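Remember, it's a predicted structure, so these values are computed and weren't measured experimentally.
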Amino acid sequence: MMNVAIMGYGTIGSGVAEILEANKDAIRQAAGQELSLRYVLDLRDLSGSPVEDEQIHDFSIIEGDPEVDLVVETMGGLNPAYPFVKACLLAGKHVVTSNKALVAAHGTELLRIAREKQVNFFFEASVGGGIPIIRTLYRCLRGEQLEEIAGILNGTTNFILTKMDKEGWSFADALKEAQRLGYAEKDPTADVEGYDTCRKIAILLAMATGKETDYQKIHTEGITKITDTDFKYAARLGMSIKLVGSGKIGADGRVGAYVLPLLIEKADPLYTVSDVLNAVVVRGNMLGTTMYHGSGAGKLPTASAVVADLIEAAQESGRNVSLGWTGEEQQFKPFEEETFRYMVRLGGSLERRRKELEAMEAFPIQKWVLPDGADAGEGFAVLTGPMTEGDFARAAASLSDILAVVRGKA
């Protein structure tokens, strides 16, 4: 038997406890031994809950108990999650977390400690909720030279954009609905500004390259400037708009990485990923392109990924599983060198704009787009051919009355 301690009895932590009890026979068979819940650390009074007998308030009990083998961190944030997780690893305990902020900020150090102590630091649930993407990278795709990872990694923003796309909602109304349904926090900044997606793509790139990937160096834009009008023009192009985290691994070892709202064509596998679902597309040099699609958040899907990590930790007790990355720093390709097509919405007279734009050789126009039923004076859009970000910025600087710009894949 191995004893488990859960730190943080919120949505995910309570889900882990529920699965450990409901699926205990299947878990025992998979792990080769019973996984028994010994402690639940939470500041609140959990009287009347299913874990009231296991509740403690003092972290040192977990740290100092030699009979605690497996620790689950589902508190979120960095403090006290970081010092608690570090202390557990130093004490020779396996740690499983769903905390992407912790993994993105301190994963390099925590993985190093786990290797030194011959225990494991697992974080499947930190990216994609219940989608088994981390384990896929370090087990199933070990023979691949990975070239690209991209995905829809935040269910809140995907829900908002789906409402705007399919039902014509405004951003503000879609956000309010996401908050009402519990998909978005009262302060949705981390989601709608792309910060959550940024941390997740950084973790995936670190897994893919084996190098420390600083999420703060990834160009990140959120969805707050996207409007229902942008979706109307995108539809005229046969496209939708999704918030995508992307990383391309160049032959020179540099990574081109960004988080952006992108125009997505119907042939793209991400086009049909709607509502709160997540998806990750991985391209390898031998396998080609594969997609992993499912519940990217939620109590039981995320808790299921945590329990899968607990089972693997139990199976590998006494041995460190080779995964993650080293302290070697990942080098990034400058964002100005990235190539996109650009949907540019402009106000004013169509004829005047046509003359201005056609005179600009550096601004290759692929398509002119007029909204249904609108007269030319109400604005229009153009879709450019492939341009680097730097070239586009220089060309766009000479234009007045740009209402919006949405990038698309080149």
Side-chain angles (χ1 to χ4, degrees), residues 1-10 12-13 16-17 20 31 33 35-43 51 54-127 134-135 138 199 202-203 206-207 210-215 305-329:
M1 182 178 74
M2 299 185 76
N3 291 309
V4 179
I6 297 175
M7 301 191 299
Y9 194 70
I12 309 305
V16 172
L20 286 174
Q33 56 192 307
L35 302 188
S36 175
L37 183 60
R38 189 175 184 91
Y39 300 121
V40 174
L41 177 69
D42 200 284
L43 294 177
V51 298
E54 289 79 24
Q55 181 177 20
I56 58 172
H57 298 288
D58 183 357
F59 166 71
S60 65
I61 296 173
I62 295 173
E63 181 184 15
D65 189 340
E67 294 186 0
V68 172
D69 310 286
L70 306 167
V71 178
V72 174
E73 185 278 303
T74 49
M75 294 181 288
L78 297 180
N79 189 29
Y82 167 57
F84 284 7
V85 167
K86 182 176 179 179
C88 288
L89 291 170
L90 289 170
K93 304 177 190 298
H94 302 283
V95 176
V96 172
T97 184
S98 61
N99 188 340
K100 68 262 182 183
L102 174 68
V103 179
H106 298 289
T108 303
E109 178 190 14
L110 298 174
L111 284 164
R112 176 183 57 78
I113 294 171
R115 286 190 286 267
E116 291 172 353
K117 293 294 182 178
Q118 284 299 294
V119 292
N120 289 293
F121 177 58
F122 287 147
F123 44 90
E124 178 66 67
S126 68
V127 179
I134 300 294
R135 188 165 285 105
Y138 75 81
R199 286 172 170 81
I203 293 169
M207 289 293 301
K211 299 177 182 179
E212 182 178 38
T213 303
D214 185 351
Y215 67 91
V306 171
V307 171
D309 276 350
L310 285 174
I311 291 170
E312 182 164 3
Q315 292 171 333
E316 303 292 348
S317 183
R319 186 179 81 88
N320 176 258
V321 175
S322 179
L323 76 125
W325 54 90
T326 69
E328 182 182 356
E329 186 178 348

Between atom [atom1] of [X] and atom [atom2] of [Y], what is the distance when rounded to the nearest 0.5 Å?
X: Glu54; Y: Leu41; atom1: CD; atom2: CG; result: 13.0 Å
X: Gln33; Y: Met2; atom1: CD; atom2: CE; result: 5.5 Å
X: Arg199; Y: Leu102; atom1: CZ; atom2: CG; result: 11.5 Å

If we only count heavy atoms from C-beta on, is the [X] to [Y] side-chain gap below 4.5 Å?
X: Phe121; Y: Cys88; answer: no
X: Leu89; Y: Lys93; answer: no
X: Ile6; Y: Leu37; answer: yes
X: Val71; Y: Val68; answer: yes
X: Ile203; Y: Tyr215; answer: no
X: His94; Y: Ser317; answer: yes
X: Val16; Y: Leu310; answer: yes
X: Leu110; Y: Val85; answer: yes

For [X] and [Y], work out which heavy atoms get closest and say how close.
X: Leu323; Y: Arg115; value: O-NH1, 3.8 Å
X: Gln118; Y: Asn320; value: OE1-N, 3.4 Å
X: Ala313; Y: Phe122; value: N-CE1, 3.6 Å
X: Arg135; Y: Glu124; value: N-OE1, 2.6 Å
X: Glu212; Y: Gly327; value: OE1-O, 3.7 Å
X: Leu35; Y: Ala314; value: CD2-CB, 3.9 Å

key: Test log, rule side chain to side chain donor-acceptor pair (under 3.5 Å), inputs Tyr39 and Asn3   = CA-CA 9 Å; Tyr39 300 121; Asn3 291 309; over 6 Å; no
request  = Run the salt-bridge test on Glu67 and Arg38 with the 4.0 Å N-O cut-off and return the result as yes or no.
outcome  =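 Salt bridge present between Glu67 and Arg38.
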inquiry  = Strictly below 4.0 Å, N to O, side chains only: are Lys86 and Glu109 in salt-bridge contact?
reply    =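 Salt bridge between Lys86 and Glu109, a charged N being under 4.0 Å from a carboxylate O: yes.
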request  = List the steps, then state whether side chain to side chain contact (heavy atoms under 4.5 Å, CB included) holds for Ile113 with Lys117.
outcome  = CA-CA 6 Å; Ile113 294 171; Lys117 293 294 182 178; 4.2 Å; yes
request  = Walk me through it: do Trp325 and Phe123 pass the test ring pair (Phe, Tyr, Trp, His ring centres under 6.0 Å)?
outcome  = CA-CA 13 Å; Trp325 54 90; Phe123 44 90; 5.8 Å; yes
Between side-chain atoms of residues 72-81 and protein atoms elsewhere (two or more places apart, or another chain), which donor-acceptor pairs fall under 3.5 Å?
{"unit_1": "Glu73", "atom_1": "OE1", "unit_2": "Thr97", "atom_2": "OG1", "d": "2.5"}
{"unit_1": "Glu73", "atom_1": "OE1", "unit_2": "Asn99", "atom_2": "ND2", "d": "3.4"}
{"unit_1": "Glu73", "atom_1": "OE2", "unit_2": "Met75", "atom_2": "N", "d": "2.7"}
{"unit_1": "Glu73", "atom_1": "OE2", "unit_2": "Gly76", "atom_2": "N", "d": "3.0"}
{"unit_1": "Thr74", "atom_1": "OG1", "unit_2": "Met7", "atom_2": "O", "d": "3.4"}
{"unit_1": "Thr74", "atom_1": "OG1", "unit_2": "Gly8", "atom_2": "O", "d": "2.7"}

